[in-house]
Amino acid sequence: MTWWATLCERLGWSRPPLLHIAIDEGTGPVVILVHGIASSSETFRELVPLLVPRHRVIAVDILGFGESPIPEGCEYRLEDHVEALATTIRSLKLREPFILVGHSLGSLIAARLAAMPRTRASRRTQVSRVVLVGPPVYLSPTDIGDRWVRARVNAYLRAYDFLRLNKEFTLANAAIIARLLPKGIFELTERDWTPFVKSLEHCIESQTVVSDIAAVRVPVDVVYGVLDAFIAAGSMTVIERMRHVTMHRVEANDHLIRPRLARALARVIDADDRAGAGALSAAAASSVTASALASVARLEKWTHEPSEKPAESSP
């Protein structure tokens with residue numbers, strides 16, 4: 001043990017654990033992939049082959065899942081996930097900003113990491129763009145003015161609460177679902193039960209994704225399937241209205257990154273007009289953030305109006 005490690009142990013300081021890096025392939029601009037709850041880097045099995053010819057693709061297993069550590073006593077707050085991801089990215093010693101892609105819970109982690117203030121110490125975790133895939137946006141029902149959206153979000157939160165409080169039911173049904181999907185796409189067992197319930201409660205049920213996206217100072221793309229059962233209808237309206245956010249609807253796709261969604265996602269990542277955009281200037285960033293925060297303040301005016309952005313319709 002080094003003198004620094006000994007000192008940290010004596011003072012009770014704990015360093016965030018390094019996450020398992022499941023994939024590190026290809027050359028070119030770096031893309032980092034962050035999967036969601038009860039899953040692993042296998043989430044991106046359809047996407048990675050589409051990116052590797054033009055990018056260095058890095059996929060990690062998030063804290064408590066896949067082959068990453070399950071720290072004793074961890075509460076699996078969003079901060080815990082973000083600190084572990086940031087520590088892992090710093091260990092890669094990247095020289096250039098990278099594109100950060102998050103799926104489901106991974107999108108909440110990605111948004112928070114990208115929203116963190118830039119410091120000299122965080123120069124190796126500098127994000128150039130954020131791509132959020134199927135983000136489960138559930139604001140506090142008391143902050144939602146539209147009663148229909150409020151009722152839908154309430155239903156999702158009650159369902160998640162039921163899953164947390166009924167372990168045997170949840171594990172039994174998770175085993176059935178896991179057998180119907182490719183290995184690693186969805187896995188919930190006794191081993192990762194604690195990371196699951198605590199991440200569900202502390203990150204998904206109690207979340208800050210809207211304010212995090214509002215604070216991000218780089219372009220944000222949101223890609224989601226029209227059939228995504230984890231997205232409450234109308235819940236993303238406030239995000240759609242942020243000037244630095246571009247929405248991409250993918251027809252005939254659910255929450256999983258299937259071939260159709262993978263192709264749409266690869267096109268978003270490779271988009272010539274967005275690639276290399278980098279951080280916004282201070283003036284532009286201030287304008288974007290002010291506009292985004294104004295959208296958050298208008299939560300009570302949510303409507304049922306559909307997105308005006310064109311839908312993804314390619315096969």
Ignoring hydrogens and angles, tell me if any N or O in the side chain of Ser107 forms a donor-acceptor pair with the backbone of Ser104 under 3.5 Å. yes
For Arg150, is there an ion pair with Asp146 - N to carboxylate O distance below 4.0 angstrom? no
Scanning both residues in full, the closest heavy-atom pair of Pro69 with Leu63 reads O-CD1, 3.8 Å
Short side-chain to backbone donor-acceptor contact, Thr237 and Gly234, under 3.5 Å: yes
What's the separation between atom CG in Leu227 and atom CG in Asp254, rounded to the nearest 0.5 Å? 6.5 Å
Do the charged groups of Arg112 and Glu79 touch, with an N to O distance under 4.0 Å? yes
Under the criterion side-chain contact (heavy atoms from CB on, under 4.5 Å), I'd like the reasoning laid out for Glu187 against Ser40: C-alpha separation, chi angles, the key distance, then a yes or no. CA-CA 8 Å; Glu187 290 187 348; Ser40 73; 5.9 Å; no
Nearest heavy-atom approach of Ile185 to Ser39 is O-OG, 2.7 Å
Taking NZ, NE, NH1 and NH2 as the nitrogens, is one of them in Asp161 or Arg164 under 4.0 Å from a carboxylate oxygen of the other? yes
Pairwise distance CZ(Arg90) to CG(Leu85) - rounded to 0.5 angstrom: 9.5 Å
Would a distance-only check, ignoring hydrogens and angles, find a side-chain to backbone donor-acceptor pair under 3.5 Å from Glu83 to Asp80? no
Does the side chain of Val34 come within less than 4.5 Å of Val101's, by heavy atoms? no
By side-chain hydrogen bond (donor to acceptor under 3.5 Å, both in side chains), which residues pair with Glu96, not counting sequence neighbours? none
Linking I/L/V/M/F/W/Y whenever their side-chain heavy atoms sit closer than 4.5 Å, directly or via other members, would Leu18 and Val60 fall into one cluster? no
In short, ring-ring contact (aromatic ring centres under 6.0 Å, His included) pairs touching residues 174-193 with sequence neighbours left out are Trp193-Phe196
Determine the minimum heavy-atom distance between Leu188 and Ala38, stating which atoms define it. CB-CB, 4.4 Å
Just by modelled atom types, is the His35 backbone N or O under 3.5 Å from a matching donor or acceptor in the Thr43 side chain? no
To the nearest 0.5 Å, what is the distance between OG1 on Thr194 and CG on Asp192? 9.0 Å
State, yes or no, whether a side-chain contact exists between Val250 and Asn253 at a heavy-atom distance under 4.5 Å. yes
Taking every heavy atom of Val131 against every heavy atom of Val223, the minimum-distance pair comes out as CG1-CG2, 4.1 Å
Atom pair NE2/CZ of His103 and Phe44 - distance to nearest 0.5 Å: 7.0 Å
Please tell me if the side chains of Val130 and Ile99 come closer than 4.5 Å, counting only heavy atoms from C-beta onward. no
Check ring-ring contact (aromatic ring centres under 6.0 Å, His included) between Phe98 and all other residues, then give those that pass, not counting sequence neighbours. none
Look only at the side chain of His55 and the backbone of Pro29, and say whether a donor-acceptor pair between them is shorter than 3.5 Å. yes
Could you go through Ile21 and Thr88, starting from their C-alpha distance and side-chain angles, then the distance that decides it, and tell me whether this counts as side-chain contact (heavy atoms from CB on, under 4.5 Å)? CA-CA 8 Å; Ile21 298 176; Thr88 304; 4.1 Å; yes
Does one hydrophobic cluster hold both Phe169 and Val197, with members joined at side-chain heavy-atom distances below 4.5 Å? yes
From Gln207 CD over to His202 NE2, what is the distance, rounded to the nearest 0.5 angstrom? 14.0 Å
Can you pull the salt bridge (Lys or Arg N to Asp or Glu O under 4.0 Å) pairs that have at least one residue in residues 165-182, sequence neighbours excluded? Lys167-Glu190
Any chance you could measure Leu165, atom CG, to Glu201, atom CD, to the nearest 0.5 Å? 8.5 Å
Dump the intermediate steps for side-chain contact (heavy atoms from CB on, under 4.5 Å) on Tyr76 and Ile70, then the final yes or no. CA-CA 10 Å; Tyr76 296 93; Ile70 303 178; 3.2 Å; yes
Contact check, side chains of Pro141 and Leu157, non-hydrogen atoms, under 4.5 Å: yes
Less than 4.5 Å apart, side chain to side chain, heavy atoms only: is that true for Val137 and Val210? yes
Using modelled atom types and a 3.5 Å cut-off, is there a donor and acceptor pairing between side-chain atoms of Arg129 and backbone atoms of Ile269? yes
Can you tell me if Asn173 uses its side chain to pair, donor with acceptor, with the backbone of Thr170 under 3.5 Å? no
Shortest non-hydrogen contact between Gly36 and Ile62, atoms and distance: O-CD1, 3.8 Å
Quick one: side-chain hydrogen bond (donor to acceptor under 3.5 Å, both in side chains) pairs with a partner in residues 59-70, sequence neighbours left out? Ser41-Asp61
Hey, are the side chains of Met236 and Ile231 touching, using non-hydrogen atoms and a 4.5 Å cut-off? yes
Test side-chain hydrogen bond (donor to acceptor under 3.5 Å, both in side chains) applied to Asp24 - qualifying residues, sequence neighbours left out: Arg56
Is Ile32 close to Leu94 at the side-chain level, that is, under 4.5 Å between some pair of heavy atoms? yes
Under 3.5 Å, is there a donor-acceptor pair between the side chain of Asn166 and the main chain of Phe162? yes
Compare all side-chain heavy atoms of Val48 with those of Leu50 and state whether any distance is below 4.5 angstrom. no
Take Val30 and Leu92 through the test side-chain contact (heavy atoms from CB on, under 4.5 Å) and record every step on the way to the result. CA-CA 11 Å; Val30 175; Leu92 296 170; over 6 Å; no
Check whether Leu265 and Ile23 end up in the same hydrophobic cluster, where Ile, Leu, Val, Met, Phe, Trp and Tyr are linked by side-chain heavy atoms less than 4.5 Å apart. yes
Closest non-hydrogen atom pair, Leu132 against Ala110: CD2-CB, 4.2 Å
Assert yes or no for the condition that the ring centre distance of Phe230 to Tyr156 is strictly below 6.0 Å. no
Quick test of your reading of the model: are Arg45 and Glu42 salt-bridged, counting only N-O distances below 4.0 Å? yes
